[in-house]
Amino acid sequence: MSIVNAKEIMIPAAKEGWAVGAFNVTDLLQFEAVIDAAIEKRTPVIVQTSVKPSQFLGTQMMVNIFRTLAESAPVPVCLHLDHSTSIDYCKKCADAGYTNIMIDASKQSYEENIRQTKEVVDYCHAIGGISVEGELGTVGGVEDQIKVAEDEAQLANPEQSIEFVERTGVDIFAPAIGTAHGVYKTKNPKIDFERMAVIHKMLNGNGIKTPLVVHGGTGLPDDYVAKLLAAGGAKFNVSTELKHTLLDAKWEYLSAHRDEYDPGKLDVFVRDATRKAVMHWMDKLGCEGKA
Ligand code: 13P
């Protein structure tokens, strides 16, 4: 039905207290499974690729898959570039047809983060139809080429967050609040819900202008997800869980069917496992029926 950018589907989410699921994919099968889930749940959805899978499959190939699937899907779909530290690659993906671009200059100095983020915002806004995500503070853990050690992770300062959003013009904003990429090392990770709520109020208290993004979805306890929704999270990123689902499902199927050489059956099994995992997330985010 519609190709959309992230901001336009996050605004109603932020207003109404639900969130759009943003799922990292590495191949066509996962891409299809995410769209299957969105259609079944009648929800807008964000499909995202980090830099390496996007480069491996090819930027234009990713966009072509996106257009083909999104144009025939009866729900709004956004294609997001996740955590690009390269301004050039952000521009390349914007030119190719990604509809949300994340420039991740969060490891740079504050001023350099602003400069790089603004350059990408200006570029994407000049093309039109593309929203841009920026990050302040650093999210711990590993996501693709980004590695942040636990003792390196820094939370976003609320006052600086407001200034960052104003000076860069980002459309959606990811403040570091203690969530981490990968599998959490403890059952109860230390998340600063209050900080998230304060930043949300300062940015969006007089009407939603810059919806907030939660990174590090994998392993967040359900009650944490609910608290982050209440604190203003309007996009939840999930990557590691889908990688585990992909590989575990392949392993499970192949172990049980050692003598079968029918890749189609394996693909059906994996696509279905992925669809179910994505739908489970959609239930937690309250996005069912919002498309
Ligand atoms: P997880 O890998 O922890 O789900 O985090 C995903 C993410 O935040 C991608 O940007």
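When a ligand or atom number is given, it counts from 1 through the structure's own listing order.
- Within ligand 1, the atoms closer than 4.0 Å to a non-hydrogen atom of V238 are 4 (O), numbered from 1 in the order shown.
- Taking the six-membered ring where tryptophan is involved, the planes of F164 and Y110 are tilted, since the angle between them lies from 30° to 60°.
- Inclusion of G182 in the set of residues having an N or O under 3.5 Å from an N or O of ligand 1 is warranted.
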Please determine whether side-chain contact (heavy atoms from CB on, under 4.5 Å) holds for the pair S239 and F23, giving the CA-CA distance in whole Å, both sets of side-chain angles, and the decisive distance to 0.1 Å.
CA-CA 6 Å; S239 173; F23 302 97; over 6 Å; no
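- Aromatic ring orientation, W281 versus F236: tilted (interplanar angle from 30° to 60°).
- Checked against side-chain contact (heavy atoms from CB on, under 4.5 Å), D248 has the following partners two or more places apart in sequence or in another chain: H244.
- Y253 and F269 have tilted rings, their planes meeting at an angle from 30° to 60° on a 0 to 90° scale.
- Nearest protein heavy-atom neighbour of atom 8 (O) of ligand 1: G216 N, 2.7 Å.
- Annotation for ligand 1: atoms under 4.0 Å from non-hydrogen atoms of H181 are 3 (O), 5 (O), 6 (C), 7 (C), 8 (O), 9 (C), 10 (O).
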Take Y98 and F66, measure what ring-ring contact (aromatic ring centres under 6.0 Å, His included) needs, and give me the verdict at the end.
CA-CA 9 Å; Y98 275 68; F66 163 60; 7.7 Å; no
Worked verdict on Q30 versus T26 for side-chain hydrogen bond (donor to acceptor under 3.5 Å, both in side chains)
CA-CA 7 Å; Q30 287 177 308; T26 52; 2.7 Å; yes
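- Between D82 and ligand 1, at least one N/O pair is under 3.5 Å apart.
- Heavy-atom proximity to atom 1 (P) of ligand 1, evaluated over L242, T218, V213, V214, is greatest for T218.
- The distance from ligand 1 to the heavy atoms of T240 drops below 4.0 Å at these ligand atoms: 1 (P), 2 (O), 3 (O), 4 (O).
- Counting atoms of ligand 1 from 1 in the listed order, those under 4.0 Å from a heavy atom of A180 are 3 (O).
- For ligand 1, the polar-atom distance check finds no N/O of N24 at less than 3.5 Å from any of the ligand's N/O atoms.
- Counting only distance, with no hydrogens or angles, the side chain of S106 and the backbone of T138 share no donor-acceptor pair below 3.5 Å.
- The contact set between ligand 1 and H83, taken as ligand atoms under 4.0 Å from a residue heavy atom, comprises 10 (O).
- Looking at H215 next to ligand 1, an N or O pair under 3.5 Å apart turns up.
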